[in-house]
Protein chains: 4
Amino acid sequence: MFERISAEGLAHFSYLVGMGKSAFVVDPRRDCEIYQEMASKEGMVISHIFETHRNEDYAIGSLELRERTGAVIYHGPREDWHYGIVLQDGDRFGFGQLEVRAIHTPGHTDEHMAYALMDNKSGGEAIAVFTGDALFVGEVGRTDLPGPQHLERLSHALYRSLHERILTLGDGALVCPAHGAGSVCGGDINEREFSTVGLERARNPMLQLREDEFVRRKLKEHLDRPPYFRRMESMNLGERMAMSGLPDPWPLSPAEFEGAMREGAVVLDVRMAESFAGAYIKGAINIWIDGLAQYAGWLLPYDRPLALVVADPVQVDRTTRILVRMGYDNIIGYLKGGMSHWLREGREFDRLPTMSVHDLKEAMERDEVFILDPRPAHEWEEYRVPGSHHLFVGELKDHIPEVPRDRIVACLCSSGFRGSMSAAILREHGFGNARNVLGGIGAWRSAGYEVEDGE
Amino acid sequence: MFERISAEGLAHFSYLVGMGKSAFVVDPRRDCEIYQEMASKEGMVISHIFETHRNEDYAIGSLELRERTGAVIYHGPREDWHYGIVLQDGDRFGFGQLEVRAIHTPGHTDEHMAYALMDNKSGGEAIAVFTGDALFVGEVGRTDLPGPQHLERLSHALYRSLHERILTLGDGALVCPAHGAGSVCGGDINEREFSTVGLERARNPMLQLREDEFVRRKLKEHLDRPPYFRRMESMNLGERMAMSGLPDPWPLSPAEFEGAMREGAVVLDVRMAESFAGAYIKGAINIWIDGLAQYAGWLLPYDRPLALVVADPVQVDRTTRILVRMGYDNIIGYLKGGMSHWLREGREFDRLPTMSVHDLKEAMERDEVFILDPRPAHEWEEYRVPGSHHLFVGELKDHIPEVPRDRIVACLCSSGFRGSMSAAILREHGFGNARNVLGGIGAWRSAGYEVEDGE
Amino acid sequence: MFERISAEGLAHFSYLVGMGKSAFVVDPRRDCEIYQEMASKEGMVISHIFETHRNEDYAIGSLELRERTGAVIYHGPREDWHYGIVLQDGDRFGFGQLEVRAIHTPGHTDEHMAYALMDNKSGGEAIAVFTGDALFVGEVGRTDLPGPQHLERLSHALYRSLHERILTLGDGALVCPAHGAGSVCGGDINEREFSTVGLERARNPMLQLREDEFVRRKLKEHLDRPPYFRRMESMNLGERMAMSGLPDPWPLSPAEFEGAMREGAVVLDVRMAESFAGAYIKGAINIWIDGLAQYAGWLLPYDRPLALVVADPVQVDRTTRILVRMGYDNIIGYLKGGMSHWLREGREFDRLPTMSVHDLKEAMERDEVFILDPRPAHEWEEYRVPGSHHLFVGELKDHIPEVPRDRIVACLCSSGFRGSMSAAILREHGFGNARNVLGGIGAWRSAGYEVEDGE
Amino acid sequence: MFERISAEGLAHFSYLVGMGKSAFVVDPRRDCEIYQEMASKEGMVISHIFETHRNEDYAIGSLELRERTGAVIYHGPREDWHYGIVLQDGDRFGFGQLEVRAIHTPGHTDEHMAYALMDNKSGGEAIAVFTGDALFVGEVGRTDLPGPQHLERLSHALYRSLHERILTLGDGALVCPAHGAGSVCGGDINEREFSTVGLERARNPMLQLREDEFVRRKLKEHLDRPPYFRRMESMNLGERMAMSGLPDPWPLSPAEFEGAMREGAVVLDVRMAESFAGAYIKGAINIWIDGLAQYAGWLLPYDRPLALVVADPVQVDRTTRILVRMGYDNIIGYLKGGMSHWLREGREFDRLPTMSVHDLKEAMERDEVFILDPRPAHEWEEYRVPGSHHLFVGELKDHIPEVPRDRIVACLCSSGFRGSMSAAILREHGFGNARNVLGGIGAWRSAGYEVEDGE
C-alpha cells in the first residue's frame with residue numbers, strides 16, 4: 001500500500017505506506033480518520049508516524065492519529081518538541097521488505113528530516129524519498145521562516161541537504177513532497193502530481209544553480225508569512241490536547257446565530273464576492289473557500305468561536321476541514337437557510353457596493369477614485385493597474401490611516417475575492433465609499449484597459 | 001417491501017410495493033432508477049406500474065420505468081391515452097398474498113383510479129389505499145383542472161368517490177396519496193407524513209362536510225394553474241420517447257456558456273435572491289431551487305435548452321432532477337466556477353438594485369414608489385402591505401403596461417425570492433427603477449410595519 | 001420525520017420521530033449511530049428516549065444513545081431500574097405540534113408502557129401508537145417471561161391493556177410494535193410491515209377472543225425462553241457501562257487465531273451447514289447468521305471473547321451488529337483468509353459427517369440410526385419424521401446421556417442448520433457417529449418420505 | 001489527473017491521465033464506467049484511448065469505452081486490427097502542457113507500442129512511460145505468445161526495445177506497466193506498486209543481462225498459455241459488439257437454477273474448497289474467486305451461459321467483473337440462498353471426499369494412493385511431494401486415461417483449491433475414489449513431511 005492523501009485547500013500531501021501488517025504515515029493531516037480507514041481495509045495497523053519538520057502552515061495531525069491508533073511519533077532533533085521520539089540521521093525502521101531511513105536535511109528548518117524508502121528485496125537504492133519541505137516538484141523549500149538572522153545559514157544548509165543527501169539517492173527514486181502547487185510553502189511549485197529525483201535534477205530550476213547563486217536567490221525571495229504561522233508552530237510543538245473528532249457545526253436559526261454573535265462569535269462568510277455584495281451580516285469576514293488556506297490566518301482570530309455563512313450546506317464540511325487543518329477548532333455552527341432566512345426575519349444586514357471595471361475606468365477619468373490593491377506584494381510587483389496603491393489585505397487593518405476618506409475607494413484584486421475582503425474591512429472602519437471591483441484586474445484586462453508590468 | 005419514494009421539490013409521492021418475486025410501482029417519478037435498485041436488492045422484478053390519473057403537475061416516469069424493467073403500465077379509462085392498459089373498476093392483481101384492486105374514483109379527473117391493497121392472508125379489509133389526487137392528508141384533490149364547465153360535476157363525483165369508495169375501505173387502511181404538503185395539487189395538505197382512512201374520516205375538514213357544502217367549497221376554490229400543466233398533460237399522454245437517462249449537465253467555461261446562450265439557451269440562475277442581486281448574467285431567470293416546482297412552469301420555455309448558474313456544483317443534480325420531473329430534459333450545462341469566474345473574464349453582467357424594508361417605508365412616505373406584489377392571488381388575499389398592487393409573477397410579462405415607468409417599482413413578496421424574479425423580469429423590459437425588497441413582507445412585519453389582512 | 005429502524009436479525013423495530021428541532025427515539029437498538037445521523041441530517045437533536053419495557057431479547061441501546069446525544073431516558077415504573085426517569089400513566093411530552101402520551105399497559109411485563117402519538121394540529125385522536133411488546137401485527141405479546149406465578153395475572157392485564165387502552169385510541173391510529181415477524185417475542189407475528197388499530201381490531205386473531213378465551217390461550221402458550229434473556233434483563237437494568245463504539249473485529253492470522261483460542265476465545269463459525277461440514281476448527285460453534293438471534297443466546301457464553309469464522313469478510317459487520325444487540329461485546333477478531341488459510345497452514349481441523357435424506361432413509365430401514373430432532377418443541381409438535389426423538393439444541397448439552405452411543409445419530413432439523421449445530425455439539429462430546437442430515441425435513445418431504453403432523 | 005486503475009483478479013493496470021479539459025486512457029479494462037466517472041468529476045472528456053498491444057490475457061475495454069465517450073482508439077500497426085487508428089512510431093498528441101509520444105517497441109508482440117509522457121512546461125525528458133507488456137516492475141514481458149517460430153526474433157526485438165527505446169527515456173521517468181504481481185503475463189513481477197526507469201535499470205534482473213544472455217533466458221522460459229488467450233486475441237481484434245453494460249446476474253431460486261442448467265448453463269461454484277467439499281451441485285466447476293483469472297480460461301466454455309454459486313451474495317459483483325474482463329459476458333444468475341437453499345429443497349447434490357495430509361501419509365504408507373499434482377509445470381518443477389504425478393488441471397480432461405481407476409486418487413496442490421478443481425473433474429468422469437487433500441502441500445510441509453525440490 002502506497003497512498004498519497006491530499007488536504008484540499010492547503011495543498012498539503014501526506015503519505016500512508018504499508019507492507020505486511022504494519023504501516024506508517026508521513027506528516028498526517030488533522031482530520032485523520034482516513035488513514036485508519038485505509039489501513040484497516042487492508043488489515044494493517046498504523047504503527048509509526050514520521051514528521052518531516054515542525055510545520056508552520058497547518059496543524060499537523062500526529063497527536064490525533066496517535067490517539068486513534070496508538071502509533072509512535074518520530075521527528076527530527078529539537079529541544080522544545082514535546083510529544084515524539086527524536087531521530088538521529090541514519091535511523092532505520094523495517095516494514096516487511098521495506099525500510100525507512102531517516103535523513104537529516106536541515107534548510108527549511110534546522111531539524112528537518114527527509115525519509116528514504118528502500119525495498120530490500122530488490123536492491124540498495126532508494127525507491128522513494130519523502131522530502132517534506134526540502135524539495136517540491138519544480139521548487140525547493142523556503143528558508144526564511146526561522147527568521148532573517150538564520151536565512152543565509154539555512155539557505156546554505158538547504159543547498160547541501162539537497163545536493164548531498166537527496167540527489168544522491170538515485171535518479172529513479174520517487175519524490176514525495178509535503179506540498180503541491182498552490183501552497184504557501186513554496187513560491188512556484190509545479191502542478192505535476194509526481195516526480196523523481198532524476199526529473200528534479202534535470203529540470204528543477206533551483207537545482208541547476210551553483211551554491212552561491214542558489215543562496216543569492218533565496219536571500220532575495222519574498223514570500224508571505226501569515227501571522228498564523230506562529231500559532232501553527234506552537235500548536236505543532238504539542239502543547240495541546242488532541243482534537244477528539246471533527247467539529248460538527250450545528251445549523252443555527254437566525255435567532256441562535258445572532259445569539260452566538262452576541263456571545264463573541266466571529267462570522268465567517270464563505271460565499272463568493274458578488275453574493276456577499278448582495279447582502280451580508282454586519283461584521284462578517286468574507287473569505288471564499290479556496291482562499292481560506294491563504295487568508296484565514298491573517299483575518300480570523302484563534303480565540304473566538306466561528307459561525308459560518310455558506311451558499312449551500314454542503315460547503316460546511318469542506319470549510320470545517322480546512323479550518324481544522326489550520327488549527328481553528330471552535331466552529332460552532334452555520335446559518336440555517338442561509339442569508340435569505342436571515343433577511344426574511346428582518347434582521348440587520350448590509351450591502352457591499354460594487355463597481356464594474358467600466359465604472360472604475362470612468363471614475364478614474366473623473367479623478368474621483370483611490371484604487372486600493374490588496375494583493376500580496378509579489379503579485380503587485382508582477383503587474384498592476386497604473387495609479388493603484390498597494391496595501392496587502394492581511395495587513396490592511398494596521399494601515400487604515402493611509403486610506404483617504406474623501407473619495408471612492410475601489411478595492412481591486414485579480415478577480416474580486418480579495419477586493420471583497422478588503423472593502424468589507426474598510427466598511428467596518430466607516431468607509432461608506434469603499435467598493436469592490438467585480439471581476440478585478442482579470443475583467444480589467446479583458447476590457448482592454450492598461451496594466452503595468454514589472455517593478 | 002412497502003416503500004414510499006418522494007420526489008423532492010414537487011412534493012410528489014410514489015410507492016414501491018412487492019411480495020415474493022414481483023413488485024409494482026404507483027405513479028413513478030421520472031428519474032426512476034431508484035425503483036429498480038430497491039427492487040433488485042430484494043430480488044424482485046417490477047412487473048406492474050399503476051397510474052392513478054394523467055398527472056398535470058409533473059412528468060410521470062411510467063415510460064422510463066417500463067423501458068428499464070419491461071413492466072406493464074395500467075391506468076384508468078381515457079380515449080386519448082396511448083401507452084398503457086385500460087383498467088375497469090374492480091380489476092384485481094395478485095402479488096403473493098397481496099392483492100391490488102382498482103377502484104374508479106372520478107373527481108380530480110374523470111379517469112382517476114385509486115388502488116386498494118388487500119392482504120388475503122389476514123382478512124378481507126384493505127390494508128392500504130393509494131389515493132392519488134383524490135385524498136391527501138387533511139385535504140382533498142382539486143376538481144378545477146379539466147375546466148370550469150366540468151367543475152361542479154366533478155366536485156359531486158369526488159364527494160361520492162371519497163365517501164362511497166374510499167372511506168368504505170375501513171378506518172384501519174393506510175392512506176397513500178400522490179402528494180404531500182407543498183404541492184400545487186392541493187390547497188392545504190397537512191405536513192404529517194402518513195394517515196389512515198380513520199384519521200381522515202375524523203379530521204380531514206373536507207370530509208366533515210355534507211355534499212352540498214363540499215361542492216360549494218370546491219366551487220369557490222382558487223388555485224394556481226401554471227401554464228406548464230397543459231404541457232404535462234400532453235407529455236403524460238405518452239406522445240413522446242422515454243428519456244434514456246438523467247441529463248448530465250456539463251461544466252461550461254464562461255466562453256462555452258456564452259456560446260450556448262447565443263445558440264438559444266435560456267439561463268436559469270438558482271441562487272438566492274441576494275446573491276443574484278450582487279451580479280447576474282443579463283437575461284437570466286432567477287428561481288431558487290425550492291421554488292422551481294411552483295414557478296419554473298410559468299417562466300421557463302420548454303422548447304429551448306437550459307443553462308444553469310448555481311451557488312455550488314452540488315446543486316446541479318438537485319436542480320436537474322426537479323426540472324426533469326417537470327419535463328425539462330434539455331439541460332445542457334452549468335457555469336463552471338460560478339458567477340465569479342464569469343466576472344473575472346470581464347463578461348457582461350448586471351446587478352439588481354435592492355431595498356431594505358426601511359428603505360421601502362421611507363420611499364412610501366415620500367410617495368415615490370409603486371409596490372408590486374407578485375405573489376399568487378390567494379396569498380395576496382390573505383395579507384398584504386397596504387397600497388400594494390397585485391400582479392402575479394407568473395403572468396407579469398402579460399401585464400407590463402400596468403406597471404408605471406416614472407417611479408421606483410418595489411417588488412415585494414413574502415421573503416424576497418419572488419420579488420427577485422419579478423424585478424429581474426421588469427429590468428429585462430427596461431424598468432431601470434425596479435427593485436427587490438430583501439426579506440419581503442416577513443422582514444416588513446418584523447420591523448413592526450403595518451400589514452393588511454383578509455379580502 | 002417518522003422513521004422505523006429495524007435491527008436485522010432480531011426482528012426488532014425502533015422508531016425515530018421528530019418535529020421542529022427535537023426528536024425522540026422509542027426502544028433504540030445498541031448500534032445507535034444511525035439515529036443521530038438521521039436526526040442531524042434534518043437539523044434535529046434527539047432529546048428523549050422512550051423505553052416501552054425492560055427488554056429481554058436484546059440489549060437496549062438507551063445508554064449508548066444517551067452517551068452520544070445527552071437525551072433523557074424515560075421508562076415505566078420499576079424499582080430496580082437505575083438509569084432513567086420513571087413515567088406515570090398520562091405523562092405528556094410535546095415535540096412541535098406532536099405530543100407523546102405515556103400509557104401504562106401492563107401485561108408483557110408489569111411496567112410496560114405504550115406511547116400514543118397525537119397531532120394537536122389536526123384533532124384529538126392518536127395518529128400512532130408505539131405498542132412495544134403489547135401488540136404486534138397479527139399477534140400479541142408474551143406474558144410468560146416474568147414467571148409462571150405471574151402468568152395468569154399478566155394475561156388478564158394484557159387483555160385489558162389491549163382492549164381498554166390501545167384499541168380505544170381509534171381505528172385510524174398506526175400501530176408501531178417493537179418486533180416484526182421472526183422475533184422470539186411473539187409466536188406468530190405477521191410479515192406485513194405496518195398495521196393500524198383498525199386492522200388489528202378486525203383481524204388480529206387474539207383480539208377476536210373474549211377475556212377468558214384469551215387468558216386460556218395464553219396459559220397454554222409454549223414459547224422458547226433462551227437463557228440469555230436473563231442476561232439481557234440484567235443488562236437492561238443499566239448495571240453496566242455504555243458501549244463506547246461498535247467493536248471492530250480484527251483480521252487474525254491462523255497463528256493469532258489459535259493464540260486467541262488458547263487464551264479462552266470461543267470460535268463462532270457462521271458459515272452454512274454444508275461448508276462447516278467440509279472442514280471446521282475443533283470446538284467451533286456453528287450458528288448461521290440468520291440463526292444468531294434465536295440460538296446465540298443458548299450456545300454462546302457471555303464471559304469469554306468470541307473469534308469468528310466467516311465465508312466472506314463482508315459478513316463480519318453483519319455478525320458483529322447482531323451479537324452486540326444481544327449483549328456480546330467482546331468480539332476480538334475473525335480468521336483472515338477463512339478456513340482455507342487455516343488448512344493451508346496445516347492446522348488441526350475436523351469434518352462433520354453428513355447424510356442425505358436418502359442415506360437416512362436407508363439407515364432407518366436397516367434400523368441403524370437414532371434420529372435426533374433438535375428443533376424447538378413447538379416446531380416438533382407441529383410436524384416431524386416418524387420415530388424421531390426430540391432434544392432441543394439449546395438444551396442438548398444437558399441431555400447428552402439420553403443420546404445413544406452405539407449407533408448413528410442423525411441430527412435432523414427443518415433444513416440442516418440446527419442439525420449442524422447439534423451434530424457439532426455431539427462430536428465435541430465424543431459422538432463420532434453423529435451426522436447432520438443435509439437439507440433436513442425440507443429435503444425429506446421433497447423426496448416424498450413420510451412426515452407426521454400434529455401432537 | 002494521473003490515476004492508475006487496477007482490475008482486481010487479473011493484476012491488470014490501466015491509466016487515466018488528463019490535463020485541462022481532455023484526458024486519455026491507456027489499455028482500459030472492460031467494466032469501464034470508472035474512467036468516465038473519474039474524468040467527469042474533474043470536468044474532463046476522455047478523448048483518446050491508447051492500446052499498447054493486442055492483449056491476450058483479458059478482454060480490453062476500448063470498444064466499451066468508445067461507446068460511452070466517443071473517444072478515438074489508437075494502437076500499433078497490425079493488418080488485422082479493425083477498430084482503431086494505426087500509429088506510427090513518433091506520433092504525438094497534446095493534452096494541455098502534456099504530450100504523449102508513441103514509441104514502437106516490438107518484442108512482446110510485433111505491433112507493441114509504449115507511450116512516453118512528456119511535460120513540455122518543464123523540459124524535454126519523459127516524466128513517465130506506459131510500458132504495456134514490454135517492461136514490468138522487476139520483470140520483462142513474455143515473447144512466446146506469437147508462437148515458437150517467432151520466439152527468438154521477438155526476444156531480440158524486446159531486448160532492443162528495452163535498451164534502445166525505453167531505458168533511454170531517462171532514469172527519472174515513472175514506469176507504468178500493464179500488469180502487476182500475479183499476472184500470467186510475466187513470470188516474476190515484483191509486488192512493488194511503482195517504479196522508475198532508473199530503478200529498473202539498476203535492479204531489474206533481466207536488464208542486467210547482455211543481449212545473448214537475455215535471449216537465452218527467454219528461450220528457456222516456460223509459462224502457462226491458457227487456451228482462452230486465443231479467444232482474447234480474437235475478441236481484441238474487435239470482431240464483436242461492445243458490451244452494453246455490466247451483466248447483472250439475477251438471484252435464481254433452486255427451481256430456476258435447475259431450469260437454467262437444463263437449458264445448458266454451466267455451474268461455476270466460487271466457494272472455497274472445503275465448502276465445496278461439503279456439498280455441491282453435480283457438474284459444477286469449482287474455481288475460487290482469486291483463481292478465476294488463472295483458471296477460468298482453462299475450464300469455462302465461452303459458448304454457454306454461466307450460473308454462479310457463491311458463499312455470500314456480495315461475491316456476485318466481484319466474480320462478474322473478473323469474468324467480464326476475460327470475455328465471459330453471459331452470466332445469467334446466481335443461486336439465491338446459496339447451497340443451503342438448494343439442499344432444503346431436496347435437490348440432487350454431491351459431496352467431494354477429502355483427506356487431511358495425515359490421511360494421505362497413511363494411505364501412501366499402505367501404498368493405496370495415486371497422488372495427482374494439478375499445478376502448472378513450473379510450480380511442480382520447483383517442489384513437489386515425492387512420488388506424485390504431474391497432470392496440470394487445465395489439461396486434465398485430455399489426460400483422463402492416465403489416471404488409475406483402481407485406487408484412491410489424491411489431488412494435491414499447494415493449498416487445496418486446485419486439488420478441489422481436479423477432484424471434481426475426476427468425479428465427473430466417474431472416479432468415485434478421487435479426493436482433495438485439504439490444505440495441500442502447505443499443510444503437508446507444516447506437518448513435517450518430506451518435499452522434493454528442483455528438477
Side-chain angles (χ1 to χ4, degrees), chain B residues 1-4 6 15-20 42 95-99 116-129 135-139 166-176 180-181 188-208, chain C residues 1-4 6 15-20 42 95-99 116-129 135-139 166-176 180-181 188-208:
Chain B
M1 184 175 45
F2 189 106
E3 302 289 343
R4 180 174 66 192
S6 58
Y15 300 87
L16 170 63
V17 181
M19 180 143 288
E42 305 290 323
F95 297 85
Q97 73 186 59
L98 298 178
E99 184 182 295
L117 184 67
M118 334 298 287
D119 175 358
N120 290 323
K121 197 173 170 191
S122 59
E125 299 87 355
I127 57 172
V129 53
L135 177 62
F136 304 119
V137 179
E139 180 54 287
I166 293 178
L167 294 192
T168 51
L169 291 168
D171 279 2
L174 203 69
V175 169
C176 303
D188 195 22
I189 302 178
N190 198 299
E191 285 193 19
R192 186 148 39 82
E193 289 176 344
F194 65 88
S195 193
T196 58
V197 167
L199 291 171
E200 292 310 308
R201 180 206 301 289
R203 300 177 174 196
N204 188 314
M206 291 301 288
L207 297 185
Q208 313 310 313
Chain C
M1 184 174 46
F2 189 105
E3 303 288 343
R4 179 173 67 192
S6 57
Y15 300 87
L16 169 62
V17 182
M19 181 143 287
E42 305 289 322
F95 297 84
Q97 72 185 59
L98 298 178
E99 184 182 293
L117 184 67
M118 332 299 286
D119 176 359
N120 290 323
K121 196 173 171 192
S122 59
E125 298 88 354
I127 58 171
V129 54
L135 177 62
F136 304 120
V137 179
E139 181 54 287
I166 292 178
L167 293 190
T168 51
L169 291 169
D171 280 1
L174 203 69
V175 168
C176 303
D188 193 22
I189 301 180
N190 197 298
E191 284 194 20
R192 187 149 37 85
E193 289 175 343
F194 65 88
S195 192
T196 57
V197 168
L199 290 172
E200 291 312 307
R201 179 204 301 288
R203 300 177 176 195
N204 189 315
M206 292 300 289
L207 297 185
Q208 313 311 314

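Throughout, a chain's letter reflects where its sequence line sits, starting with A, and its residues are numbered from 1.
Chosen from Asp171(B), Asn204(B), Val137(B), the residue pairing most often with chain C at heavy-atom distances under 4.5 Å is Asp171(B).
When heavy atoms are compared at a cutoff of 4.5 Å, Met19(C) does not approach chain B at all.
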As a quick check of understanding, evaluate side-chain contact (heavy atoms from CB on, under 4.5 Å) for Ile127(B) and Arg203(C), giving each step before the final call. CA-CA 11 Å; Ile127(B) 57 172; Arg203(C) 300 177 176 195; 3.5 Å; yes
